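Treat the numbers as computed from the prediction; the structure is a model and nothing was measured. Per chain, numbering begins at 1; letters A, B, ... match sequence-line order.
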Amino acid sequence: MVERHISCLDLDQIAASGQCFTWQRLGEGHYGIPARGSYVEAEQRGERLVFSCGETEFEALWADYFDLSTDYEAIQAAIDPADGYLRAAARYGRGIRVLRQDLWEVLVSFLISQNNNIGRITRSVQGLCRRWGEERRAGSRTYWSFPSPAALAGASESDFAALGLGYRARYLVRLTAEVEAAGYEDWARRLRAAGSEEAMERLTGLYGVGKKVAQCVCLFGLHQVDAFPVDTHIRRVLEAHYPAGFDLERYKGYGGILQQYLFYYDLAVKSR
DNA sequence: AGCCAGGAAGTCC
DNA sequence: GGACTTCATGGC
């Protein structure tokens with residue numbers, strides 16, 4: 001067990017923020033989190049977090065996964081005082097962090113996310129895990145790992161379609177084949193070594209990956225926190241609240257985190 | 001019943 | 001290089 005006092009980290013907000021789709025809700029502020037080949041249970045009361053793992057694993061994996069080395073307070077404090085909308089969004093979603101997730105999981109998840117909604121994305125991604133991931137035990141609970149490229153390479157288009165992927169089933173078949181043909185580990189290494197421009201080129205070169213999905217992969221899978229994915233929510237927010245344009249230059253180095261505040265705030269505003 | 005969802009490819013010009 | 005269409009599917 002590891003206990004930490006952590007500011008700007010809200011499990012419920014992160015779980016609802018549409019950046020990861022495999023967390024299992026065990027209760028309020030209580031989640032089973034399979035990630036990067038491991039698993040932890042995290043429970044929150046206020047700013048006190050309890051993790052089910054040991055100190056060594058926490059420091060080696062989960063501190064990184066939750067991006068604990070980034071100062072989110074400072075980012076929120078750097079927001080233009082005159083930008084009331086962004087300030088409100090950041091205040092509302094102050095517990096959101098940009099997780100450092102597994103690259104392949106992010107690529108597949110956001111390939112599926114296109115023209116889709118979070119509920120259905122979640123069902124599809126978890127369906128992939130149950131069907132092609134490995135069932136593993138963690139204490140009294142079981143969870144499914146995210147399937148490797150090799151595991152997904154054994155699936156067909158109709159397999160994917162049966163999980164509700166719709167027209168994206170074909171994209172996933174081709175994407176998996178392309179990445180397997182290149183050798184996933186080599187392919188991933190080259191991508192991680194690439195700058196933002198080259199990463200965008202490599203990603204959008206994949207069938208079914210356009211600019212928006214590529215930006216999500218840069219942000220969530222490569223932790224290129226400058227990436228600023230513009231989806232249907234963000235486009236509307238920009239049109240409604242930033243007619244003169246959103247000043248990304250002002251926020252160089254963490255625009256993607258602000259993007260998450262805007263996205264999550266719009267989700268919340270819409271659901272009321 | 002039609003519109004929307006963390007869009008992208010295909011097809012025109 | 002843009003605009004326009006098509007692509008599955010569930011939720012509201």
K.L.:
Check A:Pro243 against A:Ala240 and note the closest heavy-atom contact, atom names and distance.
P.N.:
CD-O, 4.5 Å
K.L.:
Considering only B:dG6, B:dA5, C:dA8, which nucleotide approaches the side chain of A:Tyr167 most closely?
P.N.:
C:dA8
K.L.:
Below 4.0 angstrom, which residues in residues 88-124 of chain A have at least one non-hydrogen atom near DNA chain C?
P.N.:
A:Asn115, A:Asn117, A:Arg120, A:Arg123
K.L.:
Do A:Phe110 and A:Lys212 come within less than 4.5 Å of each other through their side chains, counting heavy atoms only?
P.N.:
yes
K.L.:
Stepwise, does the side-chain hydrogen bond (donor to acceptor under 3.5 Å, both in side chains) test hold for A:Thr22 with A:Gln126?
P.N.:
CA-CA 6 Å; A:Thr22 56; A:Gln126 296 190 359; over 6 Å; no
K.L.:
Report the relative orientation of the aromatic rings in A:Tyr31 and A:Trp23; use parallel for angles under 30°, tilted for 30 to 60°, perpendicular for over 60°.
P.N.:
tilted
K.L.:
Sticking with atom P, work out how far C:dA8 lies from B:dT11, rounded to a whole angstrom.
P.N.:
14 Å
K.L.:
Whole angstrom is fine here: how far is it from CG in A:Leu238 over to P in B:dG6?
P.N.:
16 Å
K.L.:
Relative to each other, are the rings of A:Phe66 and A:Trp62 parallel, tilted or perpendicular (30° and 60° limits)?
P.N.:
tilted
K.L.:
Within the supplied structure, the quantity of interest is the number of heavy atoms (other residues, nucleotides, ligands) at a distance under 6.0 Å from A:Glu47 CD; does it exceed 12?
P.N.:
yes
K.L.:
Which parts of residues 168-180 of chain A get close to DNA chain C, meaning a heavy atom less than 4.0 angstrom away?
P.N.:
A:Arg168
K.L.:
Evaluate the criterion side-chain hydrogen bond (donor to acceptor under 3.5 Å, both in side chains) for residue pair A:Gln76 and A:Arg94; output intermediate values, then yes/no.
P.N.:
CA-CA 8 Å; A:Gln76 290 165 19; A:Arg94 60 174 274 107; 3.2 Å; yes
K.L.:
Under 4.0 Å, heavy atoms only, any strand: does A:Phe220 hit a base, just the sugar-phosphate, or nothing?
P.N.:
base
K.L.:
Is A:Arg236 touching bases, backbone alone, or none of the nucleic acid, heavy atoms closer than 4.0 Å?
P.N.:
sugar-phosphate
K.L.:
Considering only heavy atoms and no angle criterion, is a donor-acceptor pair shorter than 3.5 Å present between the side chain of A:Gln215 and the base of B:dG6?
P.N.:
no
K.L.:
Would you mind classifying the nucleic acid contact of A:Gly18 as base, sugar-phosphate or nothing, using non-hydrogen atoms under 4.0 angstrom?
P.N.:
base
K.L.:
Just checking A:Leu165: base, sugar-phosphate only, or nothing, at a heavy-atom cut-off of under 4.0 Å?
P.N.:
nothing
K.L.:
Are the ring of A:Tyr207 and the base ring of B:dA9 both nearer than 5.5 Å at their centres and tilted by less than 30°?
P.N.:
no
K.L.:
Going by the angle between their ring planes, with limits at 30° and 60°, are A:Phe263 and A:His233 parallel, tilted or perpendicular?
P.N.:
perpendicular
K.L.:
Over how many whole Å does the gap from A:Phe160 atom CZ to C:dC7 atom C1' extend?
P.N.:
18 Å
K.L.:
Counting heavy atoms not belonging to A:Glu197, are there more than 12 under 6.0 Å from its CD?
P.N.:
no
K.L.:
Can you check the A:Asp231 CG to B:dA8 P distance for me, whole Å?
P.N.:
10 Å
K.L.:
Between A:Lys270 and B:dA5, is there a side-chain N or O to OP1/OP2 distance below 4.0 Å?
P.N.:
yes
K.L.:
Is there a side-chain polar atom (N or O) of A:Thr232 under 4.0 Å from OP1 or OP2 of B:dG6?
P.N.:
no
K.L.:
What integer number of Å spans the C1' atoms of C:dC4 and B:dG6?
P.N.:
22 Å
K.L.:
Should the ring pair A:Tyr85 and A:His241 be called parallel, tilted or perpendicular, given that the plane angle runs from 0 to 90° and is split at 30 and 60?
P.N.:
parallel
K.L.:
Could you state the atom-to-atom distance from CG of A:Leu203 to C1' of B:dG7 in whole Å?
P.N.:
15 Å
K.L.:
Students often get this wrong, so: under 4.0 angstrom with heavy atoms, is A:Leu206 touching a base, only sugar-phosphate, or nothing?
P.N.:
sugar-phosphate
K.L.:
Just the rounded figure in Å: distance from P of B:dA5 to OH of A:Tyr264.
P.N.:
18 Å
K.L.:
Which is true for A:Val230 with a 4.0 Å heavy-atom rule: it touches a base, it touches only sugar-phosphate, or it touches nothing?
P.N.:
nothing
K.L.:
With nearest nucleotide decided by heavy atoms, which residue, A:Cys216 or A:Gly208, maps closer to the 5′ end of DNA chain B?
P.N.:
A:Cys216
K.L.:
Measure from CG on A:Asp266 to P on B:dC4 and round the result to the nearest Å.
P.N.:
14 Å
